[in-house]
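In what follows, chains carry the letters A, B, and so on, assigned in the order in which the sequence lines appear, proteins first and then strands, with residues in each chain numbered from 1.
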Protein chains: 2
Amino acid sequence: MTSVDEPARSGARTRDAARTQAEILDVATREFARAGYDGARVDEIAARTRTTKRMIYYYFGNKEQLFTAVLERAYGVIREAEQELDVDHLDPVAAIRRLAELTFDHHERHPDFIRLVSIENIHDAAHIASSEMLASIGSPALDVIRRILEEGQRTGLFTADVDAVDLHAMISSFCFFRVANRHTFGALFGRDLVAPEQREHYRAMLGDMVIAYLTAERTAG
Amino acid sequence: MTSVDEPARSGARTRDAARTQAEILDVATREFARAGYDGARVDEIAARTRTTKRMIYYYFGNKEQLFTAVLERAYGVIREAEQELDVDHLDPVAAIRRLAELTFDHHERHPDFIRLVSIENIHDAAHIASSEMLASIGSPALDVIRRILEEGQRTGLFTADVDAVDLHAMISSFCFFRVANRHTFGALFGRDLVAPEQREHYRAMLGDMVIAYLTAERTAG
DNA sequence: TGACTAACGTACTGGTTCGTACATTATCCC
DNA sequence: GGGATAATGTACGAACCAGTACGTTAGTCA
């Protein structure tokens with residue numbers, strides 16, 4: 001998530017708009033993720049930056065727009081990662097397991113993003129709704145799922161009539177919950193879902209779950 | 001979640017400590033769920049109550065303790081609902097499906113509770129940690145899962161070595177995500193996971209997923 | 001019935017926090 | 001090199017908001 005480039009001519013503390021904006025976004029991401037939208041402090045963000053509060057308002061307008069910008073960049077990182085997905089050389093079963101694992105890994109590697117999404121949901125996705133970029137961001141992962149599903153259903157490996165969006169929701173829910181609800185779950189059930197020594201266990205569990213769901217014969221209702 | 005009893009002698013605006021406290025908790029639950037911990041306004045809670053801000057501090061001490069009290073009551077409601085669980089007369093497969101469905105229904109019926117849990121996770125479960133009651137609340141549902149799993153594994157219907165806490169996490173993640181991330185998911189993928197006409201679809205999907213996972217033969221790793 | 005206490009109301013304060021008015025400097029381009 | 005403009009810093013205001021000082025009333029029990 002950190003994307004502040006070193007200044008072209010290092011050492012010299014010259015003016016650099018792009019760099020200042022990136023630094024603000026980095027720090028704001030951490031602050032919003034730490035404390036939620038209303039808990040986050042613009043002064044705190046400014047203090048942790050090499051610039052001042054004035055700059056935050058100069059570049060981003062106000063707190064709300066700053067949060068939207070943070071969301072936009074965070075979702076942009078996701079989309080970029082999803083575009084790297086390459087599972088076309090695998091058979092459908094292996095491909096869907098791989099995709100699930102990559103989703104799992106990505107959630108684990110970006111807990112701040114998970115928190116931002118939780119926070120945005122508390123605000124009824126109002127910032128996404130007001131962002132042109134986010135309203136049309138799309139999801140490469142969804143296209144990949146669609147392709148794998150088609151192939152799996154065509155070859156008869158997968159049960160028919162499973163929808164790509166639904167499967168994406170299924171995979172995401174497991175990955176998301178594990179990170180987002182880590183604290184309450186840990187406090188109530190005494191188990192840390194994100195403990196490193198449990199990582200492989202839950203990664204395999206997710207894959208097993210998705211494959212089992214896709215390959216099971218349904219008992220007619 | 002609403003539990004304010006009508007006053008014994010209706011009409012008369014007499015003093016009633018229990019009733020005042022319950023009303024504060026009702027309104028506070030909605031306000032915290034609406035806006036998050038820091039977004040919630042004590043003045044707003046007071047305004048929506050038939051009493052004053054003074055009473056909130058009189059009974060609950062401060063905002064933090066009020067939120068903790070809200071959480072305690074919300075989790076208490078869950079525990080009570082879980083104690084009603086009665087699936088012992090069903091075979092393991094039907095029992096676990098029924099349990100999943102009841103969990104599904106409960107999440108759908110209590111969106112405010114879901115939001116409170118999301119909010120509490122943003123605060124790293126600090127309030128649960130500081131609450132004696134919540135630290136030891138337990139989970140009747142977990143006991144039920146344990147019993148069903150044992151029976152299913154004993155009779156060979158279920159794959160061995162599935163842990164009750166893990167299965168609970170799996171079921172919860174699907175139910176929780178569907179409600180908690182409804183807004184961002186809807187905004188990004190154009191599908192309302194909580195749309196009434198999709199309800200049965202997702203309910204069945206959850207059951208299918210859990211059963212498939214529990215009855216699938218694992219491919220040795 | 002009267003005194004004691006739990007329950008309640010009003011009005012305020014002190015600190016916090018978003019946002020800005022105003023002043024200044026670096027950099028780019030002609 | 002000088003004018004224009006983008007980028008930056010300082011200091012402050014106004015509103016908001018958690019929490020409280022102080023005063024009042026209803027119920028209860030001796």
A.B. asks: Does A/Phe174 reach the side chain of A/Tyr202, with side-chain heavy atoms less than 4.5 Å apart?
C.D. replies: yes

A.B. asks: Salt bridge or not between B/Asp105 and B/Arg199? Use side-chain N to carboxylate O under 4.0 Å.
C.D. replies: yes

A.B. asks: Please report, rounded to the nearest Å, how far the C1' atom of C/dT10 is from the CD1 atom of B/Ile56.
C.D. replies: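 Taking atom C1' of C/dT10 as the reference, CD1 of B/Ile56 is at 15 Å.
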
A.B. asks: Side chain of A/Thr52 only, please: which of C/dA7, D/dG19, D/dG9 is the nearest?
C.D. replies: D/dG9

A.B. asks: Would you indicate which nucleotide in C/dC8, D/dA18, D/dA7 comes nearest to any side-chain atom of B/Thr20?
C.D. replies: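 Of all the options, the side chain of B/Thr20 is nearest to C/dC8.
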
A.B. asks: Provide, to the nearest angstrom, the distance between the CZ atom belonging to A/Phe60 and the C1' atom belonging to C/dT20.
C.D. replies: 18 Å

A.B. asks: Can you measure B/Glu31 atom CD to D/dA18 atom P for me and round it to whole angstrom units?
C.D. replies: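 So the two atoms are 9 Å apart, to the nearest Å.
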
A.B. asks: Of the options D/dG19, C/dA7, D/dA7, whose atoms approach the side-chain atoms of B/Tyr59 most closely?
C.D. replies: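 Per side-chain heavy atoms of B/Tyr59, the pick is C/dA7.
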
A.B. asks: Is any side-chain nitrogen or oxygen of A/Tyr57 closer than 4.0 Å to OP1 or OP2 of C/dG19?
C.D. replies: yes

A.B. asks: Whole Å only: how far is the NZ atom of A/Lys53 from the C1' atom of C/dT16?
C.D. replies: 10 Å

A.B. asks: Over how many whole Å does the gap from B/Gln21 atom CD to C/dC8 atom P extend?
C.D. replies: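 It works out to 9 Å between those atoms.
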
A.B. asks: Could you work out, with side chain to side chain donor-acceptor pair (under 3.5 Å) as the rule, every residue matching B/Glu64, not counting sequence neighbours?
C.D. replies: B/Tyr37, B/His127

A.B. asks: From C/dG9, D/dG9, C/dC18, pick the nucleotide closest to the side chain of B/Arg54?
C.D. replies: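 Out of C/dG9, D/dG9, C/dC18, the nucleotide with an atom closest to B/Arg54's side chain is C/dG9.
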
A.B. asks: For A/Asp43 and D/dA15, what is the distance between atoms CG and P respectively, to the nearest whole Å?
C.D. replies: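 Spelled out: CG on A/Asp43 to P on D/dA15 is 18 Å.
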
A.B. asks: Out of D/dT8, D/dA7, C/dG9, which has the shortest distance to the side chain of A/Thr51?
C.D. replies: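 Nearest listed nucleotide: D/dT8.
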
A.B. asks: Verify, without hydrogens or angle tests, whether B/Asp192 (side chain) and B/Val194 (backbone) share a donor-acceptor contact under 3.5 angstrom.
C.D. replies: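 Yes, because the side chain of B/Asp192 sits within donor-acceptor range (under 3.5 Å) of the backbone of B/Val194.
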
A.B. asks: Could you state the atom-to-atom distance from CD1 of A/Ile45 to C1' of C/dC18 in whole Å?
C.D. replies: 12 Å

A.B. asks: If you take atom types as modelled and just measure distance, does the side chain of B/Lys63 reach the base of D/dG19 with a donor-acceptor pair under 3.5 Å?
C.D. replies: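 It does not, because no donor-acceptor pair links the side chain of B/Lys63 to the base of D/dG19 below 3.5 Å.
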
A.B. asks: Could you state the interatomic distance from CD (A/Glu120) to CG (B/Leu188), rounded to the nearest 0.5 Å?
C.D. replies: 9.0 Å

A.B. asks: Take the protein atom CE of B/Met55 and the nucleotide atom C1' of D/dT20, then report the distance between them rounded to whole Å.
C.D. replies: 12 Å

A.B. asks: How is A/Ala40 classified with respect to the nucleic acid when contacts are heavy atoms under 4.0 Å: base, sugar-phosphate, or nothing?
C.D. replies: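 A/Ala40: backbone/sugar contact only, no base atoms under 4.0 Å.
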
A.B. asks: Taking only N and O in the side chain of A/Arg41, is any of them less than 4.0 Å away from OP1 or OP2 of C/dC18?
C.D. replies: yes

A.B. asks: Check every strand shown and say whether B/Tyr58 touches a base, only sugar-phosphate, or nothing at a heavy-atom separation below 4.0 Å.
C.D. replies: base

